[in-house]
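All ligand and atom numbering here is 1-based and tracks the order in the structure. These figures come from a predicted structure and were not determined experimentally. Counting from 1, the numbers follow the sequence of the chain as shown.
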Amino acid sequence: MTKEKISLVVPCYNEEEVLPYFYEEFCKVALDLPEYSLEVIFVNDGSKDRTLEIVKDFAERDQRVKYVSFSRNFGKEAAIYAGFEHADGDYVAMMDADLQDPPALLPQMVKAIKEEGYDSAATRRVTRKGEPPVRSFFARRFYRLMNRISTTEIMDGARDYRLMTRQFKDSIMEMREYNRFSKGIFGWVGFRTKWIEFENVERKAGETKWSFWKLLLYSIEGIIGFSTAPLAIASVLGLIVCCAAFIFLIIILVRTICFGDPVAGWPSMTCIILMLGGIQLFCMGILGMYLSKTYLEAKGRPIYICKETNIKRKGSEI
Ligand code: UDP
Ligand code: MG
């Protein structure tokens, strides 16, 4: 009987320091899951260090190691997509290279799918230990806002680390959008997900690739990708300003009738003009953001460009 296969997708961007540790952990977890055949697909996201050489070196020694290497840095989301596209396991997992997603949780995740009948097993961290407090604060606010304005459920503290069935993975591949926000995509496709909680683990070696700025842009991507609520802001603000103007008009009329019309009030007029101008620019900005995303989608560019790989695929389009 042939064993069922689990493909692990690992996006790597400048991870030379941590890859040897990761490989060690991979070998360990493979021993814990003897009834499955494991493969690991490293997606080299245009690293500038020796990541690709290290991965190729693993691949030479171990045929369970596969790699896909991009022509430049396309971002983690593109790397995940590429990994999924190349993974042909019966189950597919994705995890970071820095061991913040402990591979040792894999047997527990496999159990959730195989024995408990879930379609995917995902992880969420219950603590944000080791993270700058400002980042944690904004992350919390983001999740709260997101869940209020979007119909797609996005779990607070969810990591991208998850194991899924082939069917779940195939549904994700159906979502071919260019602006990808995995946390939303996983929620959008539905299915039954078991949440496994664990304590935050710090990165084993190397440095995080996410600056505060990059995270902020990523969260905006998430909001725009999975909610159209900001578009309604213009209408709501417009309505509020109209009501205010109407009340103001009545007050001025009454005042003029009762007390005459002394010429005054230019500072307040300036404030009103400035405020209205500000609101208009703000709303136009929101429209612009949606438009720019639509523009990028309309171009239909490929999500990534693969420069080299050791995976042979049937009907590969790139
Ligand atoms: N990563 C990537 N492309 C990028 C940035 C990050 O493939 O442009 C990978 C990185 O190698 C790691 C994972 O995404 O495996 C998560 O990155 P990191 O650990 O820096 O993020 P954090 O855990 O701090 O959120
Ligand atoms: Mg990390």
**Q** A side-chain contact here means heavy atoms from C-beta on lying under 4.5 Å apart; do Leu38 and Val29 qualify?
**A**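 They are in contact (side-chain heavy atoms under 4.5 Å apart), so the answer is yes.
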**Q** Distance under 4.0 Å, heavy atoms only, partner ligand 1: which residues pass?
**A**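 Heavy-atom contacts below 4.0 Å: Pro11, Cys12, Tyr13, Glu15, Asp45, Asn73, Gly75, Lys76, Asp96, Ala97, Asp98, Gln100, Arg159, Arg203, Thr208, Lys209, Trp210.
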**Q** Any ring-ring contact (aromatic ring centres under 6.0 Å, His included) pairs touching residues 92-117, not counting sequence neighbours?
**A**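 Residue pairs passing ring-ring contact (aromatic ring centres under 6.0 Å, His included), neighbours aside: none found.
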**Q** How about Phe42 and Phe22: are their ring centroids closer than 6.0 Å?
**A**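 They qualify: ring centres under 6.0 Å apart.
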**Q** Quick one: side-chain contact (heavy atoms from CB on, under 4.5 Å) partners of Ser227, sequence neighbours excluded?
**A**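 Scan of Ser227 (side-chain contact (heavy atoms from CB on, under 4.5 Å), adjacent residues dropped) gives Ile149, Ser150, Ala229, Pro230.
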**Q** So, Arg180 and Glu221, do they make that salt bridge, N to O below 4.0 Å?
**A**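 No, this pair does not count.
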**Q** Check step by step if ring-ring contact (aromatic ring centres under 6.0 Å, His included) holds for Phe58 and Tyr23.
**A** CA-CA 8 Å; Phe58 293 152; Tyr23 181 66; 4.4 Å; yes
**Q** What protein N/O/S atoms sit under 2.8 Å from the Mg ion (ligand 2), by chain and number?
**A**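 Listed by chain and number, the nearby protein N, O or S atoms are Asp98 OD2, Gln100 OE1.
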**Q** Quick test of your reading of the model: are Arg72 and Asp45 salt-bridged, counting only N-O distances below 4.0 Å?
**A**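 Salt bridge flag = no for Asp45 with Arg72.
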**Q** Under 6.0 Å between the ring centres of Tyr304 and Phe74?
**A**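 Centroid separation for Tyr304 and Phe74: 6.0 Å or greater.
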**Q** Quick one: does any side-chain atom of Lys5 pair with a main-chain N or O of Asp88 as donor and acceptor, under 3.5 Å?
**A**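 No: the side chain of Lys5 does not pair with the backbone of Asp88.
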